[in-house]
Every structure is written in C-alpha cells, then in structure tokens.
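Basis for what follows: all heavy atoms, side chains included, without hydrogens, waters or symmetry-related copies. Because the structure is predicted, anything quoted here is derived from the model rather than measured. Per chain, numbering begins at 1; letters A, B, ... match sequence-line order.
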Amino acid sequence: MPELPEVETTRRGIAPHLTGRTVRAVVVRQRRLRWPVPEALDATLPGQRIDRVDRRAKYLLLGTRAGHAILHLGMSGSLCLVTPGTPPGPHDHIDLFLDSGSVLRLTDPRRFGCLLWTTGDPMCHPLLRGLGPEPLSDAVDGDYLYHRSRGRRAAIKPFIMDGRIVVGIGNIYASESLYRSGIHPGRAAGQVSRGRYRVLAAAIKAVLEEAIALGGTTLRDFTGGDGRPGYFRQALQVYGRAREACRRCDGPVAQKVIGQRATFYCPRCQR
DNA sequence: CCCGATTCCTGTAGGC
DNA sequence: TGCCTACAGGAATCGG
C-alpha cells in the first residue's frame with residue numbers, strides 16, 4: 001500500500017520522464033475511481049507541458065501552466081511508463097501520452113485512488129487544504145506532537161495516522177515507528193509524555209527516510225514507476241510478523257485491531 | 001471538536 | 001483441488 005515512502009519513490013521514478021514533457025493525449029478507460037475522473041482533465045491536459053512533479057502528503061501533483069493534476073494512489077494504485085501500443089490490462093485505467101513517445105499509465109485494481117484536475121493554487125483544493133505538516137519537515141517534532149495530542153483519549157496509533165495531525169504515515173509505518181519508540185500503539189495519545197513524543201518524532205523520520213532510501217515497501221506488487229520493487233519489506237520489524245519473534249526480546253509479536261486497523265507490536269517492548 | 005463506524009473496491013488468504 | 005466467504009486498507013464522511 002502506497003504510503004509516503006512509496007509515493008515519494010514513485011515521484012522520483014517518474015519525474016525525470018515527465019518534467020518538461022508535453023501531454024499529447026489522454027485516454028481514460030475507467031472514470032469511476034475514488035472520485036470520478038473529471039472530463040476537464042482529458043479536455044485540458046493535452047497540449048500542456050508538465051513543468052513539475054511534486055508530492056504533498058500522499059498526493060502527486062503534476063504542474064502545468066493551466067492547472068494541476070492531483071493524483072492519489074489509494075492503496076493499490078501504481079504508475080508506470082510503457083511504450084505506445086502496450087495492451088492495457090483490466091485495471092489500467094488511464095494513459096497519458098507524452099511527446100517523448102512514452103506513456104504514463106495508471107493502474108489501480110481497487111480504485112481507491114483518484115486523478116483530479118484543479119486550476120489555481122492546488123494547496124487550496126479541498127483535498128489538500130487542512131492537511132497537517134510533512135513528517136520529514138522541521139514542523140513535525142516532539143513538541144508539536146505533544147501539543148497536538150493534549151486532551152486526546154484516542155489511541156496514539158490512529159493519532160499519528162490522522163492526516164490533519166501529520167501526513168503520510170499509514171498503517172505500516174505507524175506500527176514500525178511505534179515499535180522503534182517503545183510506545184504501545186493502544187496507549188491514549190494524550191497520556192504520552194513530551195519526552196516520548198520526541199523519541200517518536202525521531203523514529204518516524206528515521207523509518208520514513210530509511211524506507212525512501214530503499215525504494216519503499218513492496219508487499220505485493222508495488223513498483224516505483226521504473227518497475228523496480230521496494231526493498232524495505234525486509235527491514236520491517238513488526239508489520240506482518242504476528243506470532244513471530246520480536247527481534248529485540250524474542251517474544252511473540254502481537255496483532256490486534258486498533259483504530260479499525262490491523263496493528264502489530266511487541267507487548268513486552270512497547271508500553 | 002473529538003472519535004468511532006461506515007463506505008468505496010477487488011485480490012487474496014483461509015476454511016471446509 | 002476448488003469453491004466460497006471474510007478480510008485487507010486510505011481517507012472522506014457521517015452519526016453520536
């Protein structure tokens with residue numbers, strides 16, 4: 001599932017192939033994604049040059065003079081570059097034909113992703129407005145998380161997965177960063193000390209940076225746009241390791257639903 | 001405001 | 001072996 005490291009890996013994979021290229025044609029085979037693909041997209045994008053490829057949270061932004069394409073990979077989406085004439089599979093929903101002769105193809109079996117079009121400041125778009133700070137920015141530190149968590153009785157895991165608090169942390173990296181911090185994922189967010197939030201903030205940054213460096217986590221078929229899988233899976237300490245041995249204390253890794261999501265942790269190492 | 005439940009979708013895992 | 005069902009999950013939205 002694409003979280004911040006996978007989206008950033010995708011961005012780095014496709015940006016060199018898109019930046020400065022002009023879109024020649026857009027083919028939409030399936031308009032029904034998380035939200036309908038607007039017809040303004042295929043009406044406006046052809047003829048536009050992609051000036052930049054940016055990431056905000058888990059969104060990719062393709063910037064042109066006329067506006068921005070806003071792309072989200074949902075949980076099963078991926079992008080790849082193919083040659084024209086490559087027959088589309090059943091889940092290959094959208095093709096962007098580029099003047100380079102290459103085709104950017106969006107694949108998304110579960111269709112939780114989206115591709116939207118917006119004019120004006122993309123950060124003011126309803127989906128982007130109100131998002132919390134980037135976890136790798138200086139805005140996110142122990143003090144910030146501590147202050148935002150005061151008075152909250154919900155568990156710390158859904159707290160750090162809340163995009164209004166901090167963006168980009170999904171189910172995998174939430175479990176991993178809490179494990180590294182020694183914090184029990186079910187602990188009430190408002191009852192965690194400032195010192196422990198400092199440890200957690202550092203752990204979040206470290207986990208995300210390591211995952212980006214390894215090209216993300218490939219659980220099933222994620223590839224970074226260049227067809228290569230991510231190699232962070234082998235670095236996972238608890239995610240997907242229920243009943244296996246904790247690498248620190250050798251006790252069994254636990255799995256429990258917290259915040260409506262499967263959560264992995266070590267009951268002995270995380271308090 | 002805060003928080004939990006619900007919703008979209010389909011491949012896959014697990015049970016029988 | 002094969003069929004069928006339950007489950008997984010990002011994040012918006014709704015209900016309490």
Side-chain angles (χ1 to χ4, degrees), chain A residues 1-11 29-38 55-61 70-79 88-94 106-116 118 124-135 145 147-177 185-192 204 208 211 216-223 230 233 236 238-244 255-264:
Chain A
M1 313 112 218
E3 299 184 30
L4 189 150
E6 291 73 40
V7 177
E8 178 62 21
T9 296
T10 298
R11 189 191 70 78
R29 282 178 288 271
Q30 171 59 273
R31 217 170 268 284
R32 290 177 52 219
L33 302 183
R34 176 67 174 85
W35 288 282
V37 179
R55 179 188 59 76
R56 170 72 173 113
K58 299 175 191 171
Y59 293 93
L60 288 172
L61 303 173
I70 302 177
L71 181 101
H72 197 291
L73 297 173
M75 63 166 290
S76 61
S78 62
L79 293 170
H91 306 302
D92 294 339
H93 305 312
I94 298 167
L106 172 67
T107 306
D108 187 1
R110 293 179 204 181
R111 294 195 262 143
F112 279 16
C114 67
L115 180 56
L116 302 172
T118 186
C124 294
H125 188 278
L127 289 175
L128 302 186
R129 190 186 345 140
L131 287 177
E134 292 285 328
L145 294 176
H147 287 301
R148 291 300 303 269
S149 63
R150 289 311 89 183
R152 289 183 180 257
R153 292 180 304 177
I156 190 169
K157 180 174 175 254
F159 171 71
I160 62 171
M161 290 175 67
D162 186 337
R164 294 165 299 184
I165 305 298
V166 54
V167 300
I169 304 172
N171 210 31
I172 297 174
Y173 298 107
S175 282
E176 291 298 312
S177 47
R187 181 171 287 274
Q191 293 184 330
V192 174
I204 287 170
L208 295 179
T217 301
T218 294
L219 285 184
R220 288 195 176 83
D221 54 5
F222 167 78
T223 58
R233 182 176 188 175
L236 295 176
V238 285
Y239 187 87
R241 298 191 62 241
R243 298 180 301 282
E244 294 178 36
Q255 176 177 356
K256 191 178 165 187
V257 174
I258 295 175
Q260 291 86 244
R261 289 289 174 265
T263 303
F264 300 87

Using atom [atom1] of [X] as one end and atom [atom2] of [N] as the other, report the distance to the nearest whole Å.
{"X": "Q30(A)", "N": "dC9(B)", "atom1": "CD", "atom2": "P", "answer": "10 Å"}
{"X": "R56(A)", "N": "dA11(C)", "atom1": "CZ", "atom2": "P", "answer": "12 Å"}
{"X": "Q255(A)", "N": "dG14(B)", "atom1": "CD", "atom2": "C1'", "answer": "14 Å"}
{"X": "M161(A)", "N": "dA12(C)", "atom1": "CE", "atom2": "P", "answer": "13 Å"}
{"X": "R164(A)", "N": "dC1(B)", "atom1": "CZ", "atom2": "C1'", "answer": "9 Å"}
{"X": "L128(A)", "N": "dA11(C)", "atom1": "CG", "atom2": "C1'", "answer": "13 Å"}
{"X": "I156(A)", "N": "dC2(B)", "atom1": "CD1", "atom2": "P", "answer": "16 Å"}
{"X": "I70(A)", "N": "dA12(C)", "atom1": "CD1", "atom2": "P", "answer": "12 Å"}

Problem set entry | Closest nucleotide among dG4(B), dG9(C), dA11(C) to the A154(A) side chain | dG4(B)
Is any side-chain N or O of [X] closer than 4.0 Å to OP1 or OP2 of [N]?
{"X": "H72(A)", "N": "dG10(C)", "answer": "no"}
{"X": "R152(A)", "N": "dC2(B)", "answer": "yes"}
{"X": "R111(A)", "N": "dT10(B)", "answer": "yes"}
{"X": "K58(A)", "N": "dG10(C)", "answer": "no"}
{"X": "R261(A)", "N": "dA11(C)", "answer": "no"}
{"X": "H91(A)", "N": "dG11(B)", "answer": "yes"}
{"X": "Y173(A)", "N": "dG10(C)", "answer": "no"}
{"X": "Q260(A)", "N": "dG4(B)", "answer": "no"}

Exercise. Does the ring of F112(A) lie flat against the base of dG10(C), closer than 5.5 Å centre to centre with planes under 30°?
Worked result: yes
Exercise. Only one of T10(A), L79(A), L73(A), L60(A) forms a side chain to side chain contact (heavy atoms under 4.5 Å, CB included) with P2(A), so which one is it?
Worked result: L73(A)
For this session: Classify the side chain of R110(A) and the base of dG10(C) as holding, or not holding, a donor-acceptor pair under 3.5 Å.
Result: no
For this session: Report the distance from atom CG of L61(A) to atom CZ of R11(A), rounding to the nearest 0.5 Å.
Result: 10.5 Å
Seminar exercise, completed: Separation between CG (N171(A)) and CZ (R261(A)), nearest 0.5 Å, reads 7.0 Å
Exercise. Does atom CD of E244(A) have more than 12 heavy-atom neighbours from other groups under 6.0 Å away?
Worked result: yes
Exercise. Does CZ in R150(A) sit with more than 12 non-hydrogen atoms of other residues, nucleotides or ligands closer than 6.0 Å?
Worked result: yes
Problem set entry | Contact nearer the 5' end of DNA chain B, comparing P90(A) with R150(A) | R150(A)
For this session: Starting from the 5' end of DNA chain C, give me the residue, M75(A) or L127(A), whose nearest nucleotide shows up first.
Result: M75(A)
For this session: Scan F159(A) against the nucleic acid and name what it touches under 4.0 Å (heavy atoms): base, sugar-phosphate only, or nothing.
Result: nothing
Exercise. What does R32(A) touch in the nucleic acid at a heavy-atom separation under 4.0 angstrom: a base, only the sugar-phosphate, or nothing?
Worked result: sugar-phosphate
Seminar exercise, completed: Heavy-atom closest pair (A57(A) atom, L131(A) atom, distance to 0.1 Å) is CB-CD1, 3.9 Å
